[in-house]
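Letters go in sequence order (proteins before strands), and every chain restarts at 1. The figures here come from the full heavy-atom set of this structure, side chains too, leaving out hydrogens, waters and symmetry mates.
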Protein chains: 2
Amino acid sequence: MSDRRATIGVVEESTAKRSSRDAIFAATIALFSERGYPSTSMRDIASAVGLLPGSLYVHISSKEQLLADIVETGIDRFMVACREAIEAEKTPAARFRALIHAHMALIAEDPEHVRVALHQWKYLTGASRTDVMDKRREYEGIFQTLIADGIAKGEFSDKLNPRIAVLTVIGTLNWTSEWFHGDGPETADDVADDIADVLLSGLSA
Amino acid sequence: MSDRRATIGVVEESTAKRSSRDAIFAATIALFSERGYPSTSMRDIASAVGLLPGSLYVHISSKEQLLADIVETGIDRFMVACREAIEAEKTPAARFRALIHAHMALIAEDPEHVRVALHQWKYLTGASRTDVMDKRREYEGIFQTLIADGIAKGEFSDKLNPRIAVLTVIGTLNWTSEWFHGDGPETADDVADDIADVLLSGLSA
DNA sequence: CCTACCGATCGGTAGG
DNA sequence: CCTACCGATCGGTAGG
């Protein structure tokens, strides 16, 4: 009986901590996305979740670790979604389109989180910084491989500079989080198809 | 004689002030581009130019005004270069290519200044902030008009979403300042032609 | 352009 | 989770 109560007590306490932590994460993502990491103070975050500044440190270890956790979960979602998109299709063009759909779906789901992951990682130092840079390179590698594969299979043009083609695609996708927020009349899938059309067909008539 | 000396004195003093101001601008651009506006302190800037922190205020009025001046001159260079590119060519496709060449030439000339103008304007407040936002809209309007014109003249495809086409081009160009620095084997003109090829022809074979 | 300094704010902690 | 506080650093200024 006392065993059972104690267990329930522990479960409830850990659930409360989890939801506090989640609230801190959500508020921090909104603030980092709007003002940027260096201009957001721990006092800003505390007042957004209704705590006093010092109390934040019950749930997190440091401001930078908070950023690292947010960036890492954001990037990991991209990697998972990308791999699923690649595996779901066989031909380079279909995979390319699926990648863009996955990208836009993630932005529609949580545009602020994506923006923090894309822009605020620059303020990380040490191991978490190199981790992020490695994962970004891995992400770009997915497009490099895909485009090289498409050229090899004759689906993509061999008259283009493949490195520049990759950078064009990545630039386009990175920019989407600045103007697409998931609201508005167009769905993520609509926008993804339009972007894929532009990148695959080009502007010329 | 005393008149003449006094005049020379004034000229020399103002020249010295100008070069101090220029040194402050150059050092600030490097720092803002590397660490961002909020994480750069006036003490960082002062020590980069060999002054004590308080002495900076002989040459500038505030940290934010310093940012505003840097961003404004950066954007103005873009507007001037864009207008020249548009006027130099007649057909939409040629104008499009000329715009990309102008863009890459500016980055090659001063990549750090471009990066500050593109990213750090977010930390401006009040009138300078709305000024910048207006100019950015004007800049995007150049591409909107150009693409609409190209479609109307049958040079660009009427099967694409023109708004998405504009955002694809702008995303691609904004991203160039992250990877092109004017060094390396490829010239700004080489890269500009490759980018124009990708955007005009598309990836598909 | 320096000396000397201002009040405000920062991330974070000890102890309860 | 709060009270109370730490040393460090911030942008900026008065007076010379």
Side-chain angles (χ1 to χ4, degrees), chain A residues 9-29 31-32 34-71 116 120 122-126 128-129, chain B residues 9-29 31-32 34-71 116 120 122-126 128-129:
Chain A
V10 168
V11 168
E12 275 169 357
E13 187 186 283
S14 102
T15 303
K17 265 197 186 165
R18 261 268 248 100
S19 71
S20 277
R21 210 182 132 88
D22 288 351
I24 291 171
F25 266 68
T28 303
I29 285 170
L31 287 163
F32 283 179
E34 190 195 320
R35 314 181 191 176
Y37 174 77
S39 335
T40 301
S41 72
M42 297 310 283
R43 282 153 179 87
D44 292 335
I45 296 171
S47 81
V49 294
L51 294 181
L52 290 179
S55 306
L56 290 173
Y57 292 87
V58 177
H59 306 283
I60 62 150
S61 58
S62 75
K63 190 189 179 189
E64 186 175 340
Q65 188 57 51
L66 182 54
L67 174 63
D69 288 345
I70 291 170
V71 169
V116 174
Q120 306 300 317
K122 290 169 194 165
Y123 298 106
L124 292 173
T125 60
S128 57
R129 180 175 233 268
Chain B
V10 168
V11 168
E12 275 168 358
E13 187 187 283
S14 102
T15 303
K17 265 197 186 165
R18 262 269 248 97
S19 71
S20 277
R21 210 182 133 88
D22 288 351
I24 291 170
F25 266 68
T28 303
I29 285 170
L31 287 163
F32 283 0
E34 190 195 320
R35 313 180 192 178
Y37 174 77
S39 331
T40 302
S41 72
M42 297 310 283
R43 282 155 179 87
D44 292 335
I45 297 171
S47 81
V49 294
L51 294 181
L52 290 179
S55 305
L56 289 173
Y57 292 87
V58 177
H59 305 284
I60 62 150
S61 58
S62 75
K63 190 189 180 188
E64 186 174 341
Q65 188 56 51
L66 182 54
L67 174 63
D69 288 344
I70 290 171
V71 169
V116 174
Q120 306 300 317
K122 290 169 194 165
Y123 298 106
L124 292 172
T125 61
S128 57
R129 181 175 233 268

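Counting only Watson-Crick and G-U wobble pairs whose two key distances fall under 3.5 Å, DNA chain D forms stems of three or more stacked pairs at C:1-16 with D:1-16.
Across dC1(C), dG11(C), dC2(D), the shortest atom-to-atom separation from the side chain of Leu52(A) is found for dC2(D).
Among the protein residues, Thr40(A) comes within range of the sugar-phosphate backbone only, with heavy atoms under 4.0 Å from sugar or phosphate atoms but none that close to a base.
With sequence neighbours left out, the side-chain contact (heavy atoms from CB on, under 4.5 Å) criterion links Glu64(A) to Tyr37(A), Ser62(A), Leu124(A), Thr125(A), Ser128(A). Taking the side-chain contact (heavy atoms from CB on, under 4.5 Å) definition, one finds that Arg43(A) meets it with Ser41(A), Pro53(A), sequence neighbours left out. With sequence neighbours excluded, no residue forms a salt bridge (Lys or Arg N to Asp or Glu O under 4.0 Å) with Arg129(A). For Ala26(B), the side-chain contact (heavy atoms from CB on, under 4.5 Å) test picks out no residue, with sequence neighbours left out.
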Working for side-chain contact (heavy atoms from CB on, under 4.5 Å), residues Asp44(A) and Arg35(A): CA-CA 11 Å; Asp44(A) 292 335; Arg35(A) 314 181 191 176; 3.0 Å; yes
Val49(B) vs Leu56(B), side-chain contact (heavy atoms from CB on, under 4.5 Å): CA-CA, chis, key distance, verdict: CA-CA 9 Å; Val49(B) 294; Leu56(B) 289 173; 4.3 Å; yes
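The phosphate of dT9(C) has neither OP1 nor OP2 within less than 4.0 Å of any side-chain N or O from Ser41(A). Applying the 4.0 Å criterion to OP1 and OP2 of dC2(C), one finds that Ser55(B) has a side-chain N or O inside that range. Residue Tyr57(A) places at least one side-chain N or O under 4.0 Å from the OP1 or OP2 atom of dG12(C). Proximity of Ser62(A) to the phosphate of dG11(C): no side-chain N or O atom is located under 4.0 Å from OP1 or OP2.
The CE atom of Met42(A) lies 10.5 Å from the CG atom of Leu31(A); values are rounded to the nearest 0.5 Å. Rounded to the nearest 0.5 angstrom, Asp22(B) CG and His59(B) NE2 are separated by 11.0 Å.
Following rounding to the nearest Å, Glu64(B) (CD) and dG11(D) (P) show an atom-to-atom distance of 12 Å. Look at CG on Leu66(A): it is 14 Å from C1' on dG12(C), rounded to the nearest Å. For the pair Asp44(A) CG and dG12(C) P, the interatomic distance rounds to 14 Å; values are reported in whole Å. As rounded to whole Å, 12 Å separates atom C1' of dT9(D) from atom NZ of Lys63(B). Here the P atom of nucleotide dG11(C) and the OH atom of Tyr123(A) are 14 Å apart, to the nearest Å. When rounded to the nearest whole Å, the span between CD1 of Ile60(B) and C1' of dG12(D) equals 10 Å. Atom CD1 in Ile24(B) sits roughly 13 Å away from atom P in dG12(D) (whole-Å rounding). We find that CE of Met42(A) is positioned 23 Å from P of dA8(C), with the value rounded to whole Å.
Here the closest non-hydrogen pair linking Gly36(A) and Tyr123(B) is CA-OH, 4.2 Å. Taking every heavy atom of both residues into account, Thr28(B) and Ile24(B) meet most closely at OG1-O, 2.6 Å.
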Please list each protein N or O that sits under 3.5 Å from an N or O in nucleotides 4-7 of chain D, with the distance.
none

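The nearest heavy atom of DNA chain C to Ser39(A) and to Ser61(A) marks one nucleotide each, and the one closer to the 5' end goes with Ser39(A).
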